[in-house]
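Right, one structure below, let's go through it.
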Amino acid sequence: MRLSDYGKRFEDWMVKVFYNYGLFLAKHQFWFLVGPLICTVLSIPGLFFLQINLDLYRLFVPTDAPVRYEFERTKDFNRLPLGDLNLIPKRNRREFDCSDASCYFPDVEMDRLRRDLEAMEDEARHDVPFGNVTSLARYRRDTNKDKEKKDRERKLVPAKNDILRFYVVHRKYDNLLQSKYLGALFQYTQDMMKVTNDYEGETWGLEDFCTKDPGASTCNNNLNLWIKHADVLFKDGKIKANPNLQLSYPVLYLFNRPKDIGNVIYGVDVKGEKNEIQGARVLTIHWFVNYPATPENNAAYYAFRQKLNKYWESIAENSDLQFIPHNDKAMDDEMLEIIKTTVPYAFPATILLTIYVLVANFSWDRTKSKPVEMCLGVWCVIFALIITFGVFFFCGAKFNPVTSTMPFLVLAVGVDDDFLMVAAWRECDRKLSPATRIALVMGDAGASITVTSFTNFFCFFLGWLMCSTPAVADFCIITAVGVFFDYLMQITFYAAVLKYSGDREDKGGLACCTGCYTKIDEDDDDVERNRAKNEAAKEKEEHIDFQHHEKTKDLPLMHRLFRDYFAPFIMNKWVRIGSLALFPIYTAFALYGCSILRVDISPVKYIRDNSPIQTFVALAGEFTHLLIILITKSSDKYIWADNVMPTFHIMNPPDLRDAGARARLNELVFRLEHTSYSIGRVSTNLWIWQYQQYLNDFPNINYTTDFYDRKNMRDFFSQLDYSQYRDKVKILDNVTNGEPCISAFSFQTSFYGLDSWDKRQSELFLWRDILKEYPDFDMFLSGIFSPFLIDQRHTIAPSSMQTIGSALAMMALISFFFLPDALSVFWMTWSLLSISMGVCGGLALLGSDLDSVSMGCIVMAIGLAVDYSVHICYRYHRSEYSTAQEKVADTLASVGWPITQAVSSTLVGLAITILVPAYLVRVFFQTVYLVNIIGMTLQNFNFLKSAKFPGLFHALIWLPQLISALDPVERVPLRERHVISKQIPHTLH
């Protein structure tokens, strides 16, 4: 059997199935109307299980990205027990030679002295009489009880840890390491600590949220105390000589002890081999936050942060300084703001769409007017959305900023099927009964919308399977399920609405319930005439051919315009030549846009345009000064460029008693310190070197026996200067004293000058390659820039090509199954390729980049583009006319006006999203408009960049012209074609 024969049988079978389904629906229309409403009501409780995912790592890090492995290994490292150095397992004498008694027995006298000193400190602190052991014991007992009580209370409520951070810059990016700025800045921090905020009848201050010292009831400003000392150091515009202080970057040395300041100042000017600081353009002030994370406290904390922002804004108005707020959860807050900004626009979008369908479907001819029916079509989509979200939220799925655009998409696209069903209803002969008409509508439109709904569903489902970015994958799967439920609502609820409307069509359909049309009183003649009409309709229905039924002679005006005027116009010889001549021009611009489409993934894509942290992102390395302060064209970049300090973890440390093992470790560190952007040895923070220096102060130390001695290690880590290393070293408690007892440790070294994402990416890959050369250390790194960005930049291009290519190939394969006509499949696939090329090029010309958001939008564009192409190809293939021109006229008469309504309703419904000031939503808006609108304005290049390329142009002009040009019927001799034409019933012409 030939493919065309199979295609004919399959299409006829689909029409028969939907025709019989329509007859069944007409007999049980009440349940088809009520059933979906019951499902919608049952889904409403699921909406209360709403959870929002704002974790950038879980949303935007590809599932196969190396940073995911590094993140999980970091959690493994943090879960390792720190170890108790006070626990000294007994050593076996035969393991080594030692004449010192400390080798066998604990240092009881030293421990007793330490306890006595602690007791004296407690007595002095709490005014307990010296030697009053009873009072001290009682005090410690009460203190321990209070501590245990507080610990129990804290265990019930999780703690929120955050950092209140403000970046300080000069309006003209002047050097801030000057006394005139530093003194005032420190005073501002002191005053800020007194700021309070009234929230829900209570007064909240910094003391309610800050991390306090043990036993303290108020916050301190110790983290910013360096500003006060820097004020003295830079008095009179000169750096004061201080023999005990080496002010180098990113590590300063106080009494020859290193202190990391890389996360405090940025944009530094240094000189000399020691990187001595001469100036800085960005300073930071910050406070640690820790409080019980109850909903009330969280709300109060958020309001307090807003009050602090206003405080710094008032300071900025009266000074030359600017203050940019930032905290560890700032990006989370921004994405929540995107959701809170975007989702409310769904209500005005629904209103606009409802107004449009009302106007587009109202007619003074009551038998053709369907405004109320189309309004219910909008509600049909809303019901599908309620079911979708109810099911998803109940199953534990989480909402995220990318999925916040999904309701707009399903709302706008879901109404498209309503237009097709209403158009098919209007084409049916009004002499037929409503039951037969709804059956014919399902036979005509049901098969078509089944094809488009299935291709849309599979396109988004494929995007979910293949997309490695979780946020985009979530968007694809929830959209796929939304399309599926919308399809079910269309063929059940909305089909029942049309049946109910048909029962009242002579009275104006469902609009008769609103009083839009005056009631007509029927006399006896009208009753008799209607009875005769019904009897004639029944006789006609007994012999109806549901495969190729006749259309009503009284087609609506717009259908006749497409058939009698638009179709002949586009099929005119010179119009075809002119329109096809435009295609190379369109292709050239599309290819040019694709050629300039570049991978650019940066934090600015995930925050609002008017966000207060936009300036932080700019400082962090995204914008030039021209974009920040509109003063200079300098391209200096800070923060991420100035001090990048990744943490390198060694999960399988070597035996550090062995000089060869230490040399191999030093070799690794040396290679990391001598990459192109490394600051060098001055920035390395490795505990082993400091520990070796400490041991070298004791001449009797033997590395072979004493390196892992717990007493030595305990004394080392208890030193004030070395206590910073303690949490970086994990100790095993079950190892014999003196044997290798370090299960893992970490170290850091700094890098400078990474002022572009390309440099950061290449440097990161170099670090990873170096670590791979030491597999015996089992190493990985963490703390790199924004980890959700880097690996995306490396994988987004091949992942996008794979996902988009697979989507196009599968759409062609599915279309080959539903439209088993080689010509139709070929031109539909060509249309998909052309539209996808235009969308990619158009996005580039509009200023968008290739990132996870635009990749999801391109997949969405494929799903949208297939709709119009399938409707044209399916209807053209089903046409019974003998010439291509007649087929085009018949096709456009049936689907030309519904497609135009679908496009315009989509544009109207999504127009409101242009008001959302966020890149995530803007790319979504641009993609939908690129797919739907035709427009090439050649007035000037800048306006050309805003032109919207052809979804509608392909569907209504190029595709009909091309598919008719290569139609085999055009190769039939004219004499035979004339004979075939005579055999077609007149009612089909």
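When reading the values below, keep in mind they use all heavy atoms of this one structure, side chains included, and skip hydrogens, waters and symmetry mates.
Taking a 6.0 Å sphere around OH of Tyr21, one finds it holds more than 12 heavy atoms contributed by other residues, nucleotides or ligands. Residue Ile914 places its CD1 atom among 12 or fewer non-hydrogen atoms of other residues, nucleotides or ligands, all under 6.0 Å distant.
Listed by first and then second residue, the ring pair (Phe, Tyr, Trp, His ring centres under 6.0 Å) pairs that reach into residues 462-487 are Phe461-Trp464, sequence neighbours excluded. Evaluation of the salt bridge (Lys or Arg N to Asp or Glu O under 4.0 Å) test over residues 379-398, restricted to residues two or more places apart or in two chains, returns none. The side chain to side chain donor-acceptor pair (under 3.5 Å) analysis of residues 402-423, with sequence neighbours excluded, yields the pairs Asp418-Gln490.
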side-chain contact (heavy atoms from CB on, under 4.5 Å) between Phe389 and Leu50, worked out: CA-CA 9 Å; Phe389 286 118; Leu50 168 67; over 6 Å; no
Val402/Asp474 under side-chain contact (heavy atoms from CB on, under 4.5 Å): CA gap, chis, key distance, verdict: CA-CA 8 Å; Val402 178; Asp474 291 346; over 6 Å; no
Residue pair Phe562, Ile899: steps toward the side-chain contact (heavy atoms from CB on, under 4.5 Å) verdict: CA-CA 11 Å; Phe562 271 91; Ile899 287 178; over 6 Å; no
Check against ring pair (Phe, Tyr, Trp, His ring centres under 6.0 Å), His28 and Phe24: CA-CA 7 Å; His28 306 88; Phe24 178 78; 4.4 Å; yes
Criterion side-chain contact (heavy atoms from CB on, under 4.5 Å) on Glu373 and Tyr500, from CA distance to verdict: CA-CA 10 Å; Glu373 289 80 353; Tyr500 272 104; over 6 Å; no
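Using a 4.5 Å heavy-atom threshold, the side chains of Phe924 and Leu910 count as touching. Here the side chains of Val415 and Met374 are in contact, with some heavy-atom distance below 4.5 Å. Looking at Trp425 and Ile438, their side chains come closer than 4.5 Å, going by heavy atoms from C-beta outward. Using a 4.5 Å cut-off on side-chain heavy atoms (C-beta onward), Cys840 and Ile858 make contact. Side chains of Ile491 and Ile449 form a contact here, defined as non-hydrogen atoms less than 4.5 Å apart. Proximity of Phe419 to Asn361: side-chain heavy atoms (C-beta onward) are separated by under 4.5 Å at one or more points. Considering only heavy atoms from C-beta on, Arg58 stays 4.5 Å or farther from Pro470 through its side chain. In this structure, Val928 and Val413 have side chains that are not in contact, with every pair of non-hydrogen atoms separated by 4.5 Å or more.
For the pair Ile478 and Met406, the tightest heavy-atom approach, listed with the atom from each and the gap, is O-CE, 3.4 Å. Taking both residues in full, the closest heavy atoms of Leu59 and Thr469 are given as O-CG2, 3.6 Å, listed atom of the first, atom of the second, then distance. Summarising the geometry of Leu440 relative to Cys428, their closest heavy-atom pair is CB-SG, 3.9 Å, with the distance given to 0.1 Å. Heavy atoms only, all atoms of each residue included: Ser848 and Val923 are closest at OG-CG2, 3.7 Å. Minimum heavy-atom separation, Phe457 to Val483: N-CG1, 4.1 Å. The heavy-atom pair separating Asn53 from Asn400 by the smallest distance is O-CB, 3.7 Å.
Here Ile387 contributes atom CD1 and Leu488 contributes atom CG; the two are 8.5 Å apart, rounded to the nearest 0.5 Å. Here the OG1 atom belonging to Thr927 is positioned 4.5 Å from the CE atom belonging to Met860, to the nearest 0.5 angstrom. Interatomic distance, CZ of Arg922 versus CG of Leu846, reported as 10.5 Å (0.5 Å rounding). Between the CG atom of Leu411 and the OG atom of Ser905 there is a distance of 9.0 Å, given to the nearest 0.5 Å. Once rounded to the nearest 0.5 Å, the distance linking CG of Leu930 with CG of Leu843 reads 5.5 Å. How far CG of Asp503 is from CZ of Arg437: 10.5 Å, rounded to the nearest 0.5 Å.
Side-chain N/O atoms of Ser453 and Asn456 include no donor and acceptor closer than 3.5 Å.
Listed for the Ser904 side chain is a donor-acceptor partner under 3.5 Å among the backbone atoms of Gln901. At distances below 3.5 Å, at least one donor-acceptor pair connects side-chain atoms of Ser854 with backbone N or O atoms of Asp851. A donor-acceptor pair under 3.5 Å is formed between the side chain of Tyr586 and the backbone N or O of Ser834. Tyr494 places no side-chain N or O within 3.5 Å of a backbone atom of Met489 that could act as its donor or acceptor partner.
Taking the six-membered ring where the residue is Trp, Phe493 and Phe383 present perpendicular rings, their angle passing 60° and hence far from 30°.
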